[in-house]
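Computed over heavy atoms, backbone and side chain alike; hydrogens, waters and symmetry mates excluded.
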Amino acid sequence: MIAFVSGPVAALAPTTAVIEVGGVGMAVQCTPGTLAGLRIGQEAKLATSLVVREDSLTLYGFAEDDERQVFELLQTASGVGPRLAQAMLAVHGPDALRIAVSTGDEKALTAVPGIGKKGAQKLLLELKDRLGEPLGTGAHVGAQRVAARGPAPWSEQLHAALIGLGYATREADDAVEAVTPQAEAAVAAGSAPPVPQLLRAALQTLNRTR
């Protein structure tokens, strides 16, 4: 198993980061929150989980070990593969998922693209004793790293993240427009727009319109 990768960031895409490790570019699938904390040319260290299939080897990357552990625990539930597990972590941080499961918060799970009411009910039952208690780490770590990245096209990141989660272009456009006041408020306060928080807010607006 590849436990982590460390090296300069060679490239960034809406769902992928390329980390140069010993002269080799490792493509790592990441959530928008993790990607928001990376910058091309800067050193990065990502905890990773290697998913092996008959026809592919896919490396998933996370800002913290806790995210990786939750990613792997989520997949112990029936019907949850790596893509859905990553989508869940894109919408909710590890502690938010623990709280949702421990309190039976069905609505929190249905905010994740691909999870309906029945699916949420099933996941709450299966994950109840698997994720453990909240660690008290607060907001998604990616939100804490955005400010260090400097000026960034937050709207493009957010739009690409929504498209990557399966929403139509029109839906993504409307969601970005809906959270623009929050982003502008952050800029007015002298900080970079927190992409992970904006993503969650955008998903909430989309969930209400469906």
Side-chain angles (χ1 to χ4, degrees), residues 1-77 80-101 112 114 123 127 130-150 152 154 157-158 160-161 164-165 192 194-200:
M1 176 181 177
I2 302 175
F4 70 89
V5 294
S6 179
V9 179
L12 292 171
T15 60
T16 308
V18 177
I19 309 296
E20 184 179 341
V21 182
V24 177
M26 304 284 285
V28 187
Q29 299 288 317
C30 302
T31 64
T34 297
L35 291 170
L38 304 178
R39 189 173 183 177
I40 293 176
Q42 289 189 353
E43 292 288 321
K45 182 177 181 179
L46 298 177
T48 56
S49 178
L50 180 63
V51 175
V52 180
R53 296 287 186 266
E54 289 185 1
D55 57 350
S56 66
L57 295 173
T58 306
L59 200 60
Y60 291 83
F62 310 90
E64 297 290 334
D65 284 337
D66 187 38
E67 287 181 282
R68 177 184 61 192
Q69 291 170 7
V70 171
F71 171 78
E72 293 174 348
L73 286 170
L74 290 172
Q75 292 176 73
T76 64
V80 178
R83 290 188 180 278
L84 183 56
Q86 189 178 54
M88 293 172 74
L89 283 166
V91 178
H92 302 293
D95 263 6
L97 284 172
R98 291 187 178 101
I99 292 171
V101 170
V112 178
L123 286 173
L127 295 172
R130 300 184 190 182
L131 297 187
E133 295 296 321
L135 302 182
T137 53
H140 197 291
V141 69
Q144 301 170 358
R145 297 187 176 186
V146 173
R149 190 179 178 192
W154 69 268
Q157 286 186 17
L158 184 57
L165 288 170
V195 175
Q197 293 176 5
L198 292 173
L199 175 62
R200 292 185 193 122

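Residues L97 and V70 have side chains in contact (heavy-atom distance under 4.5 Å, counting atoms from C-beta outward). At a threshold of 4.5 Å between non-hydrogen side-chain atoms, the residues P82 and R53 count as touching. Counting only heavy atoms from C-beta outward, the side chains of Q29 and L59 never approach each other to under 4.5 Å.
What you find for S6 and I19 is that their closest heavy atoms are C-CG2, 4.1 Å. The shortest heavy-atom contact between A10 and I40 is O-CG2, 4.0 Å. Contact detail for P32 and L199: the closest heavy-atom pair is CG-CD2, 3.7 Å. Closest approach of A63 to T34, counting heavy atoms only: N-OG1, 3.6 Å. In this structure, L46 and C30 approach most closely via the heavy-atom pair CD1-SG, 3.9 Å. Of all heavy-atom pairs between L38 and L12, the closest is O-CD1, 3.8 Å.
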- Test M26 against V18 for side-chain contact (heavy atoms from CB on, under 4.5 Å), laying out the working first. CA-CA 5 Å; M26 304 284 285; V18 177; over 6 Å; no

- Message: Walk me through whether K45 and V5 qualify under side-chain contact (heavy atoms from CB on, under 4.5 Å).
- Response: CA-CA 6 Å; K45 182 177 181 179; V5 294; over 6 Å; no

- What's the verdict on side-chain contact (heavy atoms from CB on, under 4.5 Å) for L74 and M88, showing C-alpha distance, side-chain angles and the deciding distance? CA-CA 9 Å; L74 290 172; M88 293 172 74; 3.8 Å; yes

- Query: Stepwise, does the side-chain contact (heavy atoms from CB on, under 4.5 Å) test hold for V9 with Q42?
  - Reply: CA-CA 6 Å; V9 179; Q42 289 189 353; 5.5 Å; no

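No side-chain N or O of Q86 forms a donor-acceptor pair with one of T31 less than 3.5 Å apart. Under 3.5 Å, the side chains of T48 and R68 contain no donor-acceptor pair of N or O atoms.
F71 meets the ring-ring contact (aromatic ring centres under 6.0 Å, His included) test with Y60, F62; sequence neighbours excluded. Considering only residues two or more places apart in sequence or on other chains, E43 meets the side-chain contact (heavy atoms from CB on, under 4.5 Å) condition with P8.
In terms of modelled atom types and a separation under 3.5 Å, the side chain of E67 and the main chain of E64 share a donor-acceptor contact. Counting only distance, with no hydrogens or angles, the side chain of T76 and the backbone of L73 share a donor-acceptor pair below 3.5 Å.
In this structure, Q69 CD and L131 CG are separated by 11.0 Å, a value rounded to the nearest 0.5 Å. Atom CG of L198 is separated from atom CG of L158 by 6.0 Å, given to the nearest 0.5 angstrom. Atom-to-atom distance recorded for D66:CG and D95:CG is 6.5 Å, nearest 0.5 angstrom.
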